[in-house]
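The structure appears right after this line, and notes come after that.
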Amino acid sequence: MINATNLTKKYNNNLVLNIPELKIPDGQSFGLVGNNGAGKTTFFNLILDLIRPTTGQINNKDIIVNKSEDWKSFTSSFIDESFLIGYLTPEEYFYFIGELRGQNKADIDTFLSQFEEIFNDEILGQKKYLRDLSKGNQKKTGLVAALIGNPEVIILDEPFANLDPTTQIKLKKLLKELADKKHVSLLISSHDLGHITEVTDRIVVLEKGNIVKDIVTSPETLKELEDFFTI
Amino acid sequence: MIKKFISLEWKQFFRSSYWQKSIALNIFLGLLALYFIAVFLMLGIAIYPLLKKSLPDKDPLVVVNSFLILYFLGDLLIRYFLQKLPTMQVNPLLVLPISKKKITNYILLKSIASFFNFLPLFVYLPFSIMLLINGYNTFSVIAWFISVYAISLSNNYLVFLINKNNKIFAIIAFLLISIYTMIYFDLFPVGIYVGKGLDFIVANPLFFIIPLLILMGLYYANYRLIYKNLYLDDILQKKKTTVNAANLSWTENFGDTAVFLKNDIRLIWRNKRSKMAFLMSFIMLPYGLIFFTNPTYQEKMPIIFVFVAIFTTGIFILNFGQFIPAWDSAYYKLLMSQNVRYRKYLESKWILMIAMTSVLFLLTIPYVYFGVDKLLLFSMSLIFNIGFTSLFVLYMGAYNRKRIYLDRSAFMNYQGTGAQQFLLAFGILLVPMLIFYVINKFFSFNIAIGTMMFIGVVGIIFKNYFMHKIEKTYIKNKHKTIHAFNQKN
């Protein structure tokens, strides 16, 4: 369970995130929606202890994230391209992440074989460095790498952006399968209301750092969200 | 239109991170430029009277002309390594209603405004004035000046052709090597012929048109090349590199650290900047020859040998170590959110540093030719650098706050260098010299060596303790470092 209490983040007295209380139970697939600057990435960065909260704390399975690093062994994430190592080939990158997560080369090869469809022969065996791949292929690499080593908490910031339609549909299927697993908590954010309502069980809407909606996803959710964002 | 371009350039220049470099660095670069200007200026003024005095029976202008070929070749070489291609942010301009002709001409003309094109003026102009003072024909001098400057500018455009086209590079390289061989073995006096050509222009001023035509020809060749390739996928595209995958399985011997070690080796080898830091370590190896062959140092300043020894064995620690952890700045967030033990990450860097220091030490062993005391000095430096310098640099890295762009050009690149780096470099080199100097002065050479080795050995014995402290410092500074590495100009 991820539990945020009294969480705020200020930059120069500018309050960018203010979450008095938010609980994400184990196994839930959780969607975060909001316009630019709503605080989505800030929230994810706080969970990953990449930035420090101004007040409050986040517990990831009862571990206070900025006190201990033990949450790292079961948490994985892909926030943006700065999570990629440009001078490695995709294979080398997967092996690198794999080694950090206790997987050997053979494990990774087996793991990667299930993504052949998504990779579409453009990622593996290309003899190209990650920095020379297209944005979309970089993103695919980062997303797949975030799934290495059976993590129990997966955090993906805007996983659908920059992907081609085919991959978006495949990714949606993949994320739904992950969401169905009892022990995997999936945290994603998206600007695509359709995609996110399909994939997640619960959607939280952020506006200027505050939670303004917290809905259990149902067939009516998409309509509700569209109405909310139509001004 | 040109006015608009210039205003864009202006903004690009002044809003770039260039000005956010530390003041110390800007002053340093400014002084370097002033130094070169001063040297060239003095050369330009002094060369005439000097030649008059040393070769009284020869015409100084003829002598200068016969040597100019060497200057031109050197100039070409330096430009090849240092001068950047004249690119501007053309991508957004391509879709706007601006003719490609204008863009191309602008790019090419802009390239003239380079330090390398102003520098020769500081020789040519004073020398020309000296010629006029000494009663040379005015037209001849003007023709000479135009000719030599046209050749300098031709070098400017030649370098771009060389840089952009491998075939031309091969041809030019072949020509240069043959010219050099001919000059070196006196097979064919190229220098004399180039000199004679310039003498001819001095005698017949109207022929200054020939170098000008060469310049125009090269300009046109550049123009055609750029104009033809003014597409997103051609000239403006960064070169894509093919992978050089080496088998690094031997790193497995290092256990837990292997995963980082592999990465660090790839980091060094696959990025311009880090590769240069690595290769520079070997270039400095012969540095000691300058001092060891000169008996003056032996008698008067033996302390300089300490400097040489620490510097040649520790240069990799300086060049590579002082940018830890900034080498990984581009993906620091990844490392910080992964299941990573800081200790292993740091250990990998440490192993790299001591491995390179040991290799450099082995390569300095031939210096034993200059005396066993030299070997002793290098051994002392090895132990001192491993036990003290490497750990100290690692510790200082916890306060490193500047992002590094791995893919930017490596030569004379000071991006990511702050006052801290300069202080660090001075400290690492000067402090051991000072310690050595004091002990050597009041006790003896051997005690001084012994003390330095002792410091190194203490560092090695208590390495785990120090590593633990260093790791703690890194963890304490984690968020600040992430924040700093996120700042892209």
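Only heavy atoms go into these numbers, but all of them, side chains included; no hydrogens, no water, no symmetry mates. A note on names: the letters A, B, ... follow the listed sequences, proteins ahead of strands, and every chain is numbered from 1. Given the structure is predicted, the values throughout are model-derived calculations rather than measurements.
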Please examine the side chains of B:Tyr331 and A:Leu84, heavy atoms only from C-beta on, and report whether any two atoms are closer than 4.5 Å. no
What are the two closest heavy atoms between A:Trp71 and B:Ser337, and how far apart are they? CZ3-O, 4.5 Å
Can you tell which part of B:Lys344 gets under 4.5 Å to a heavy atom of chain A, answering side chain, backbone, both or neither? neither
Would you mind checking which part of B:Leu267 comes under 4.5 Å of any heavy atom in chain A, side chain (CB onward), backbone (N, CA, C, O), both or neither? both
Within a 6.0 Å radius of atom CZ on B:Arg341, are there more than 12 heavy atoms belonging to other residues, nucleotides or ligands? no
Contacts of B:Asn477 meeting side chain to side chain donor-acceptor pair (under 3.5 Å) (sequence neighbours excluded), chain-then-number -> B:Arg401
Spacing of OG belonging to A:Ser73 relative to CD belonging to B:Gln338, to within rounding of 0.5 Å: 11.0 Å
In sequence, state the C-alpha distance, the side-chain angles, and the governing distance for A:Ser82 and B:Phe485, and then conclude on side-chain contact (heavy atoms from CB on, under 4.5 Å). CA-CA 10 Å; A:Ser82 70; B:Phe485 287 167; over 6 Å; no
Before you tell me yes or no, could you show the steps for B:Arg266 and A:Ile85 under side-chain contact (heavy atoms from CB on, under 4.5 Å), namely the whole-Å CA-CA distance, both residues' side-chain angles and the distance that decides it to 0.1 Å? CA-CA 11 Å; B:Arg266 287 176 179 140; A:Ile85 303 179; over 6 Å; no
Under 4.5 Å, heavy atom to heavy atom: which of residues 41-62 of chain A reach chain B? Give them by number, or say none. A:Leu48, A:Asp49, A:Leu50, A:Ile51, A:Arg52
Quick check on B:Tyr395: does its OH atom have over 12 non-hydrogen neighbours (other residues, nucleotides or ligands) under 6.0 Å away? no
Distance, nearest 0.5 Å, that separates OH of A:Tyr87 from CH2 of B:Trp327: 10.5 Å
Just verifying a value: how many Å separate A:Leu88 CG and B:Asn263 CG, rounded to the nearest 0.5 Å? 5.0 Å
A:Glu116 atom CD, over 12 foreign heavy atoms within 6.0 Å: no
Starting at CG of B:Leu334, measure out to CZ of A:Phe96 and round the result to the nearest 0.5 Å. 6.5 Å
Keeping A:Lys72 on the side-chain end and B:Met336 on the backbone end, is there a donor-acceptor pair under 3.5 Å? yes
Output for pair (A:Glu81 CD, B:Lys333 NZ), nearest 0.5 Å, gives 10.0 Å
CD/A:Glu92 to CZ/B:Arg270 distance, rounded to the nearest 0.5 angstrom? 4.0 Å
For A:Glu117, I'd like to know if atom CD has over 12 heavy atoms of other residues, nucleotides or ligands within 6.0 Å. no
Within a radius of less than 6.0 Å around CG of A:Asp164, do more than 12 heavy atoms belonging to other residues, nucleotides or ligands occur? yes
If you count heavy-atom pairs within less than 4.5 Å of chain B, which of A:Leu100, A:Asn66, A:Thr75 leads? A:Leu100
Around atom CG of B:Asn464, are there more than 12 heavy atoms of other residues, nucleotides or ligands at under 6.0 Å? yes
